Amino acid sequence: MKVSFCLLDINSETKAGKTELWLWGIDDHEERVLVIDRSFVDYFYAVVADGYDPTEVKAKIMEIPNTLAVNAEIVSRKFFGKPVQAIKVYCENVGNTAKLLRSLEGVKDVLEDDIRISMHYIVDNDLVPCSWHQVEVQEEKNELGVRADRIYIAQAPPKAFEKPDFPQLRILSFSMACYSREGSPKPDRNPVVIISTITDKGEEKQLIAGEDRNDKLLLEHFIKHVQDYDPDIIVGFGTNALDWSYLVERCRILKMKLGLDRVQAEPHTSVYGHVSLTGIASLDLEDFMNQFPEVKVETLENLADHLILTKLKKPVIIEDVDFADYWDNQQRRLELTAFSMNRARSIKGISDLVLDLALQLSILVGLPLDYVMTAAVGFRVEWFMIRQAQKIGEMVPKRTEQHYRSYAGGLVLNPRPGLHEKIAVLDFKSMYPSIMLAYNLSPDTYIGPEEEVPVGGVYEAPEVKHRFRKKPPGFYKEILTYLLGTRNAIRDKMKEITKTSVEYRVMDARQKAVKIITNAAYGYAGWTGARWYSKPVAEAASAWGRHTILTAIKLAEKAGLQVIYGDTDSLFTTYDPKKIPELEKKIEKELGLEVELDKVYDHVFFTEAKKRYAGLLPDGTIDIVGLEVIRGDWAEVAKKVQEHTLEIVLKNNSPEKAAAYVRTMIQKLKQRDVPLRDLIIWKTLTKPPREYAIKAPHVEAAKMLSAKGWKLTVGDKVGYVVLTGEGRLYSRVKPYVFARLEEVDIDYYISKQVVPAAARILEFWGITEEKLLPNEKTNKPSKNLMEFMQPQT
DNA sequence: GCGGAGGGAGTACCG
DNA sequence: ACCGGTACTCCCTCCGCG
């Protein structure tokens, strides 16, 4: 019989020395199915050395005792574009056999022994995660005790096919709270006191520990609840780093097993730091944070707030530290449980918004849903490439960390400081991908300095002089042609569809997924960890990029436009509605790359610094780029003042008014009329505190947190405030959770945060830091004299 | 012993 | 665990200073 199913998860199981592939999915009757394929044997390639007869090499391989090689076949493949003969060796234990063959005479290289069997299976059979497949099967009785409505044995590998609808997924979102009076909770001593869950249908369920904080029953109920609801996807926040390992450990201590997946096994750590649940896609919303760089302190509450899930009322935030206090108070315990439930609701709300993109990334890249979300962008690009490589018979290079050599990147112009009117921003569309495509940049088209110019000729990069054959199209070109073509096609189709339709939403997500991979291709090429790393490719791309923008500047100036600023692929010029379209055409004609008029600023302000400016758009919104306002490591109070300063300057063209506003704010600060939270400075811990070469404020604050039992890891953000006192800054900081408003050094916030941020803008009009600070005895007379002598004011 | 200059460490941004 | 280019703050060392 034939069944159709949507593939959601895949794992491999070894039964009696034989590896099976288990495909988990939903069939077209909404039944949960497990399709087992026992016919796939994993493999690797043994590349035949020059001058050896493949038939003999193959025979030799088969003769080796204990190779475990079940079969071998001679195949023609490509490696970096060059045709090679290889022996495809099928065997049960790829790792050992590949090792044996590495030193065999006649074998030049061993490849793809580092690709996991489930990925070989997906790639070779062209399976598409989160998509429909048809497969010839025989039904088998569920004697394995797995949680599935049907179990099938595949008679042949499944085949992907197009089907527009998507099955109704069961999704469970959850959040947990632990009781600890000793800092970060530890599973060997601190119980889980609340788990809040909510399903995709909005059904809420809370599991709460008993008065004695005994969590055995709670955990049993949680496991049972998951088993009963049988979700296809489980969503949490911080689950990979925290929740899953905590729950597993906690269960072990209570002599239980956290068997909530579809084979009643424990969650297990997998690649990319992902924690995997067999048969269920486990998603961690923390992995989505890089989608929202605007959210600087990456908490669930901040993300929910950013996505306006909480527009009705700002929820009360209860810090982890205070959980124990809340729990121990009858009345406040209700607040804690409500808070926990709200977290679960936020998780559901956010996943409703981001799941489309996650699914499309999984479909495009070909990694199962849970993996694709945890994988860093470099690995997403790589899996997409591996998939394409298979299609054209290209073998996958090994991952060998290459020696790092830096190279020159994009060109940044010095801005013309001051306030400008009517400024156009021209952007090259997908500049690096377009360049790589236009000049056929690829590791396999690169012609080394010693090599002859091939028939058909070469493109030679400016400055760096790297050469690339014009024909045939290289691997990167194939990929970028597909990506850029697909994105354009999707965007064209989207124009014909109602914006509120489901179809539009799906296409928008697909378009975003394609964009993510396209934009990362250049960075991938220059990443020493990449399988298809090629410094010449990345270096040539940026060289052509510099050439491109330099040419564009010349053309703009020739057209009579003044260039105010430019960075990598953008140009800021005076706006002339007649000249701009002509310039666009001229640039496209001369360079073969598309430019577009991205926006026109009514007013735009530059300091002398690159990469920092603010512009007013016709609709009244203000773009702020690079300045303190958009930085996460400045106190909110300074950012607010700078933002308002910019608004006054850009909208009213009135620096004096802005200065007056700043002075008012300083007065307010002096009264300590400011919430403590506006004084917090957040900085990331980029290494373990011990390893810092110098003393730094955020590191000292981190040490104080650790001393109180906080578990801090690299990548965590530390929030601290500056206190009054003597000496270096690092000696008078305190984590904000321990601090009171009365102890903070308000003068620090005035002189080192608010005033510099405001003066950054106002200095252009001669309003210096000194002029913003109220006149006091602390002001040195000499400075006032200097001020007096400055001519421009 | 102290203050300031200048280089270095550290972080976060832009495209 | 994607690239290079850039701004900026605070730390730290060193130098001058009879």
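The model shown is predicted, which means the values in this text are computed figures rather than measured ones. Lettering of chains follows the sequences in order, A, B, ..., and the numbering in each one begins at 1.
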Query raised in the report: For C:dA7, does OP1 or OP2 lie under 4.0 Å from any side-chain N or O of A:Arg760?
Result: no
Requested in this report: Would you mind telling me which of C:dG5, C:dC11, B:dC14 lies closest to the side-chain atoms of A:Leu729?
Outcome: C:dC11
Query raised in the report: If you look at every strand shown and take non-hydrogen atoms under 4.0 Å, does A:Leu627 touch a base, only sugar-phosphate, or nothing?
Result: nothing
**Report entry** Interatomic distance, A:Phe606 CZ vs C:dT6 P [rounded to whole Å]
**Finding:** 15 Å
Report task. Supply the atom-to-atom distance A:Thr574 OG1 to A:Ile423 CD1, rounded to the nearest 0.5 angstrom. Result -> 6.0 Å
Report task. Considering just the side-chain nitrogens and oxygens of A:Tyr407, establish if one lies under 4.0 Å of OP1 or OP2 belonging to C:dC2. Result -> no
Requested in this report: Have a look at A:Tyr748 and say if it touches a base, only the backbone sugar-phosphate, or nothing, with a 4.0 Å heavy-atom cut-off.
Outcome: sugar-phosphate
Query raised in the report: Would you say a side-chain N or O of A:Lys683 is under 4.0 Å from OP1 or OP2 of B:dT11?
Result: no
Query raised in the report: Cut-off 3.5 Å, side chains only: do A:Thr400 and A:Gln402 have a donor facing an acceptor?
Result: yes
Requested in this report: Please say which of A:Val722, A:Leu723, A:Asp745 ends up in a side-chain contact (heavy atoms from CB on, under 4.5 Å) with A:Leu729.
Outcome: A:Val722
Report summary line: Of A:Lys611 and A:Ala520, the one whose closest nucleotide on DNA chain C sits nearer the 5' end is A:Ala520
**Report entry** DNA chain C: 5'-proximal contact among A:Trp527 and A:Arg728 (nearest heavy atom)
**Finding:** A:Trp527
Report task. Indicate whether OP1 or OP2 belonging to C:dT6 is found under 4.0 Å from a side-chain N or O atom of A:Tyr565. Result -> no
Report task. Examine B:dG10: is either OP1 or OP2 under 4.0 Å from a nitrogen or oxygen in the side chain of A:His698? Give yes or no. Result -> no
Query raised in the report: NA contact type, A:Phe428, heavy-atom cut-off 4.0 Å: base, sugar-phosphate, or nothing?
Result: nothing
Query raised in the report: Heavy atoms under 4.0 Å, any strand shown: does A:Arg612 hit a base, just sugar-phosphate, or nothing?
Result: sugar-phosphate
Query raised in the report: Reckon A:Ala696 touches a base, only the sugar-phosphate, or nothing at all at heavy-atom distances under 4.0 Å?
Result: nothing
**Report entry** side chain to side chain donor-acceptor pair (under 3.5 Å) between A:Thr568 and A:Tyr432, intermediate numbers included
**Finding:** CA-CA 10 Å; A:Thr568 311; A:Tyr432 284 146; 5.3 Å; no
Query raised in the report: Within the structure shown, what part of the strands sits under 4.0 Å from A:Gly529 by heavy-atom distance: base, sugar-phosphate, or nothing?
Result: nothing
Query raised in the report: So, is A:Tyr404 close to the C:dG4 phosphate, meaning a side-chain N or O under 4.0 Å from OP1 or OP2?
Result: yes
Report task. Indicate whether OP1 or OP2 belonging to B:dA9 is found under 4.0 Å from a side-chain N or O atom of A:Lys687. Result -> no
Requested in this report: Look at A:Thr568 and C:dG4 and indicate whether a side-chain polar atom (N or O) is within less than 4.0 Å of OP1 or OP2.
Outcome: no
Report task. Please work out if A:Gly409 contacts a base, only the sugar-phosphate, or nothing of the nucleic acid, heavy-atom cut-off 4.0 Å. Result -> sugar-phosphate
Query - Closest nucleotide among C:dC11, B:dC14, C:dG5 to the A:Ala408 side chain - result: C:dG5
